[in-house]
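Scroll down for the structure; my scribbles are underneath it.
In what follows, chains are A, B, ... by sequence order, proteins preceding strands, each numbered from 1.
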Amino acid sequence: MSGFRLSDTALEPAALAQELASASAGACVTFEGRVRNHNEGKTVLRLGYQAYAPLALAEGERILAEAQARFAIERALCVHRTGELAIGDIAVWVGASAAHRDAAFAACRYVIDEIKRRVPIWKNEFYADGASGWLHPDGTPV
Amino acid sequence: MSGFRLSDTALEPAALAQELASASAGACVTFEGRVRNHNEGKTVLRLGYQAYAPLALAEGERILAEAQARFAIERALCVHRTGELAIGDIAVWVGASAAHRDAAFAACRYVIDEIKRRVPIWKNEFYADGASGWLHPDGTPV
Amino acid sequence: MQYRLLYFASLRDRTGCDTETVASAAADPRALYAEIAPRHGLNLSPERLRVAVNGEFAGWDRALRDGDEVVFLPPVSGG
Amino acid sequence: MQYRLLYFASLRDRTGCDTETVASAAADPRALYAEIAPRHGLNLSPERLRVAVNGEFAGWDRALRDGDEVVFLPPVSGG
């Protein structure tokens, strides 16, 4: 099964972590990104994600392959939500297993950083004041 | 409930992660240390942990308080197993939640590093060749 | 030539459509964006966009062929 | 004076007991360890051990009082 996935239903961290388990892996590091109730001083009610799926999947796989090449890990996985999410929902889950914790921490961090930087997925925040807006990070509103 | 705990029964990561959840926490980083089937070239069959419980609990709490003071986290938790463990069992679980991922990664890493360095818990490895040995890391056998 | 365009995020909101087929003489994504941006009122400058052609990242001067799928990608905000 | 000693890990294996009560004239942990180490065949030098008294880390020259719980801690290996 592919290491990078998109999901339009709730993520199951326990099942995902299970996929990373191996008898030789002493360390497993996971990152969960959850929907916060605030951003840049505004109260967030819920949000929505759109993905350009074919390219997101290809770029996500490239990032996982880079993590495998750079760090002494056994496995790495990432699943990103699409669709509508509520406060507290998991938006993205990353996990990396390795014999030792250095590699697991470094790989997990690398994957989430690159996912946020490169994968064609966009977040639409819906605010308490009735406004909403697609986030296209670089400070300029669009 | 205390943030650092000892447990003589199997750890439940999903329930522990749930304790970290909050509406304002956008990032949750967890570390699971699992029993590996090898160490220093030897095949490991199982292992056992002993803890000097009162001091382990006090020192573990100090480490979590240090993490709270150093990093912009919301919550941090750590549970360490005692007793007999099989290959693949979770020996230690650390989790940290924060508004942003920098703090969550840094705090999780800090806690596991300090736990391993300072908390009076000892590991006894049982090897395939019938030998066993308490690990007292600094290279010298005891 | 005919191109298939997909729109995401704020570009989808502006254009009011997920996808459209356009007949155009534009030879590369740069010319194609210059053509459609005024029509849809797209105000993101090319410097802020990336381009994908047929599901892979591409340059602004990539030679387009009839039937290509072209996507102008606004800055991403996943995670 | 009487002290309560707890043993862990390799020290527990060497002494063959979790805990023992010893009557001793030793005024501090350094003197106490020098007394019990030969009796139990403990071969970890004090430089490799830490000391706890009554559940808190303590120095080797901590003044001991009657009834104190004293623990010599080998290098830890949790996690």
**OP:** Look at A:E32, A:H38, A:R101 and state which one has the largest set of heavy-atom pairs under 4.5 Å with chain B.
**Re:** A:R101
**OP:** Below 4.5 Å from any heavy atom of chain B, which atoms of A:D113 appear? Answer side chain, backbone, both or neither.
**Re:** both
Original post:
Just wondering, more than 12 heavy atoms not from B:Q18 lying within 6.0 Å of its CD?
Top reply: no
**OP:** Go through the atoms of B:V35 and report whether side chain, backbone, both or neither lie under 4.5 Å from a heavy atom of chain A.
**Re:** backbone
Original post:
Which heavy-atom pair separates B:F105 from A:F31 by the least distance, and what is that distance?
Top reply: CE1-CD1, 3.7 Å
**OP:** Heavy-atom pairs under 4.5 Å with chain B are the metric here; pick the option from A:A91, A:S22, A:G95, A:A25 that has the most.
**Re:** A:A25
Subject >> Top contributor to chain B contacts, counting heavy-atom pairs under 4.5 Å, from A:A17, A:C108, A:A21, A:A14 >> reply: A:C108
**OP:** Against chain A, label B:A99 side chain, backbone, both or neither, depending on which of its atoms sit under 4.5 Å from a heavy atom there.
**Re:** both
Original post:
Under a 4.5 Å heavy-atom cutoff, which of B:A27, B:C28, B:G88 has the most pairs with chain A?
Top reply: B:C28
Subject >> Test log, rule side chain to side chain contact (heavy atoms under 4.5 Å, CB included), inputs A:H100 and B:R36 >> reply: CA-CA 10 Å; A:H100 300 287; B:R36 275 182 300 156; 3.3 Å; yes
Original post:
Can you name the closest pair of heavy atoms from B:S24 and A:N37 and give their distance?
Top reply: CA-OD1, 3.6 Å
**OP:** Between chain B and each of A:V94, A:D102, A:V92, count heavy-atom pairs under 4.5 Å; write down the option with the most.
**Re:** A:D102
Subject >> Criterion side chain to side chain contact (heavy atoms under 4.5 Å, CB included) on B:V29 and A:V29, from CA distance to verdict >> reply: CA-CA 7 Å; B:V29 173; A:V29 173; 4.2 Å; yes
